[in-house]
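Below, chains carry the letters A, B, ... as their sequence lines are ordered, and counting in each starts from 1.
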Amino acid sequence: MLDINLFRENPEVVRDALTRRQMDVSVVDRVLELDAERRRLLTRVETLKAERNTVSKEIGRSKDPAERQAKIEAMRQVGEEIAALDEQVRQVEEALTAEIAQIPNIPKAGVPLGRDEHENVVIRTVGQPRTFDFTPLPHWDLGPRLGIINFDQGVKITGSRFYVLSGAGARLQRALIAWMLDLHIRQGYTEQYLPFMVKEETLFAAGQLPKFRDNLYHDAEEDFWMVPTAEVPLTGLFMNEILEEAALPIHYTAYTPCFRREKMSAGRDVRGIKRGHQFDKVEMYIYCRPEESDRELEKMLADAEQTCAELGLPYRVVQLCTGDLGFNAAITYDIEVWAPGCNEWLEVSSVSNVTDFQARRANIKYRPAEGGKTRLVHTLNGSGLGLPRTLIAVLENYQQPDGSILVPEVLRPWMGGIDIITP
RNA sequence: GGAGGGAUGGCCGAGUGGACUAUGGCGCCUGUCUUGAAAACAGGUGUGGGGAAACCCACCGGGGGUUCGAAUCCCUCUCCCUCCGCCA
């Protein structure tokens, strides 16, 4: 959520940000009107409340019954007026929050201008795509042949876009999770084990609600929501808290499953395990001072790149253009790995500086060491690689002519002696 | 699932309708004293909002209600604690 003061003092900044994101700017005027109305109502109602407070104290002290009665009568009317105005304030604030809550973050100055994902900018490519002297197979062929991915069973027990990993496939995914968590711990992150269901307030804080309601799973009985990413509970950890500056920066990593209805991408990427309703992810998350967030973004990007490098996967770093930037992010780098079987670059990681956007929604501040006013923290999030896609990349890049899969060196400690996956 | 007890400032803890402008203590900050520190003493010390400012408004777990006036009374929800039941 953006700062209301930004609209008052510098509405052009917001209009410019919306224009760069290819969005309509009329919301800015609606916000300004509602804000002016809110302040107009507040001035009136607070004057009346001050009067009521003063006179009520006089009533308490007064010994004259006639005077008391007159004042009680007068304040009864003032009270009715206050109630009516309070209700108007509530409605205006609700409308104001509804408008502001749907406005995305301001893209940082260096973010390339662009309409959609086609105008993203490749920053660098690292590693040479492996050359094959045979035709590499896509994972949806490799997996079933090796008996490590079963699509039919997933569909049978749950439905479309669900699959089962079996034997070495399940173990390989577990190895990736364990290895990645350990790597992030070495990089300075503290591991968190989190609830996989959260309440509505937490989703609002993380910027998922109200905008992405259609992409979330919701248990109506208990009013719990399944997390679409660890970013959501990680943002919620310090909701409504004031941290000490000395505690910052905070680096967290967490493994969680992620649940997404993917309503908006129905029909896309239907083959294989690239896009499912349930997938696993290891996330990195940082809380820091505003001055540190640019530097922390570079650290997080380097940390995410290290996972690809150590897995021996060729990858490229892509900077998202303004038209493709996510709702919360001010700047985002995607990491894409080459999948020779399905013949495409797979987005395995997305590393973003969210600046104070989630912190304002979640009300997470810190007290400067020198004292003075509390300030909003900056938050950053990045996947230390989404798992099905990393699994795809490992399977397709490490396939051998006979259809077997060589297990990457770094994962072998978790594979119980399996160096090569064969049928 | 059942019965009971709780939730007050950074922390402890008092407050059962009007002097609460939230007592007191601890902690923290500033000052006095001191070569310095400690101790003692004095003052200060929450968050958010409105206003050019003076100042004002809101907040005692969340929401709603009664009242001229609510930390205090009523309803409701959440969470914590104790016990019982059930349970991986």
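Of the candidates B:rC57, B:rG50, B:rU21, B:rU21 carries the atom nearest the A:Lys57 side chain, counting heavy atoms from C-beta on. With B:rG69, B:rU47, B:rG50 as the choices, the nucleotide that has an atom nearest any side-chain atom of A:Ile242 turns out to be B:rU47. The side chain of A:Lys365 lies closest to B:rG48, out of B:rG48, B:rG49, B:rC57. Picking from B:rC68, B:rG48, B:rG49 the nucleotide with the shortest atom distance to the side chain of A:Thr374 gives B:rG48. In this structure, of B:rC68, B:rC57, B:rG50, it is B:rC57 that holds the atom nearest to the side chain of A:Lys49. Side chain of A:Asn53, nearest nucleotide from B:rG50, B:rC57, B:rG18: B:rC57. You'll find that the side chain of A:Arg52 is closest to B:rG69, out of B:rC57, B:rG50, B:rG69.
The interatomic distance linking A:Lys373 (NZ) with B:rU45 (P) rounds to 16 Å, in whole Å. One interatomic measurement links the two molecules: CD of A:Glu87 to C1' of B:rG64, which rounds to 12 Å at whole-angstrom precision. Regarding A:Arg76, its CZ atom lies at a distance of 12 Å from the C1' atom of B:rU66, rounded to whole Å. In this structure, A:Leu41 atom CG and B:rG49 atom P are separated by 18 Å, rounded to whole Å. The nearest whole Å value for the distance from the CD atom in A:Glu81 to the P atom in B:rC68 is 16 Å. The CD-P distance, from A:Glu241 to B:rG46, rounds to 19 Å in whole Å. For the pair A:Glu9 CD and B:rA52 P, the interatomic distance rounds to 12 Å; values are reported in whole Å. A straight line from CE of A:Met75 to P of B:rA70 spans 13 Å, rounded to a whole angstrom.
Salt-bridge formation is detected for the pair A:Arg20/A:Asp16: a Lys NZ or Arg NE/NH1/NH2 atom is positioned less than 4.0 Å from an Asp or Glu carboxylate oxygen. The pair A:Glu33-A:Arg30 does not meet the salt-bridge criterion, since no charged nitrogen lies less than 4.0 angstrom from a carboxylate oxygen. The existence of a salt bridge linking A:Asp29 and A:Arg15 is confirmed by a sub-4.0 Å separation between a basic side-chain nitrogen and an acidic carboxylate oxygen. A salt bridge links A:Arg90 with A:Glu94; the closest basic N to acidic carboxylate O contact falls under 4.0 Å. Salt bridge annotation for A:Glu46-A:Lys49: absent, with no cationic side-chain nitrogen under 4.0 angstrom from a carboxylate oxygen.
Nucleotides B:rC29 and B:rC81 have their P atoms positioned 34 Å apart, rounded to a whole Å. Here the separation of B:rA71 from B:rA19, taken at their P atoms, is 11 Å to the nearest Å. The C1' atoms of B:rU78 and B:rG63 are separated by 10 Å, rounded to the nearest whole Å. Here the separation of B:rC60 from B:rC11, taken at their C1' atoms, is 16 Å to the nearest Å. Only the P atoms considered, B:rU30 is 42 Å distant from B:rU82, to the nearest whole Å. A distance of about 38 Å separates the C1' atoms of B:rA14 and B:rA53, rounded to the whole Å. Straight-line distance between the C1' atoms of B:rG48 and B:rG9: roughly 15 Å, to the nearest whole Å. Taking atom P on both nucleotides, B:rG44 is separated from B:rU66 by 39 Å, rounded to a whole Å.
With a cut-off of 3.5 Å on both pairing distances, B:rU21 has no Watson-Crick or G-U wobble partner at all. With a cut-off of 3.5 Å on both Watson-Crick or G-U wobble distances, the partner of B:rU72 is given as none. Remark: B:rA58 base-pairs with B:rU47. Criterion, Watson-Crick or G-U wobble with two distances under 3.5 Å. Across the strands present, B:rC33 finds no partner; the criterion is a Watson-Crick or G-U wobble pair with both atom distances under 3.5 angstrom. B:rU82 and B:rA3 make up a base pair, with Watson-Crick or G-U wobble contacts both under 3.5 Å.
Between the side chain of A:Glu46 and the base of B:rG51 there is no donor-acceptor pair of N/O atoms closer than 3.5 Å.
Take the nearest nucleotide of RNA chain B for A:Ala50 and for A:Lys199: the residue whose nucleotide is more 5' is A:Ala50. Both A:Ser56 and A:Glu93 lie close to RNA chain B; mapped to their nearest nucleotides by heavy-atom distance, the more 5′-ward contact belongs to A:Ser56.
Residue A:Leu42 is classed as a sugar-phosphate contact, given heavy-atom separations below 4.0 Å to backbone atoms only. Residue A:Arg38 is in sugar-phosphate contact alone, with no base atom involved, counting any heavy-atom pair closer than 4.0 Å across all strands shown. Contacts of A:Arg367 with the nucleic acid, taken as non-hydrogen atoms under 4.0 Å apart, involve only primed sugar atoms and P, OP1 or OP2.
Side-chain nitrogen and oxygen atoms of A:Arg8 include at least one within less than 4.0 Å of the OP1 or OP2 phosphate oxygen of B:rG50. OP1 or OP2 of B:rG51 sits under 4.0 Å from a side-chain N or O of A:Arg39.
Rounding to the nearest 0.5 angstrom, the gap separating the OG atom in A:Ser293 from the NZ atom in A:Lys108 is 4.5 Å.
Ring pair A:Phe196/A:Phe259: centre-to-centre distance not below 6.0 Å.
Geometrically, A:Arg260 does not engage A:Phe279 in a cation-pi contact defined by less than 6.0 Å to the ring centre and at most 45° from the axis.
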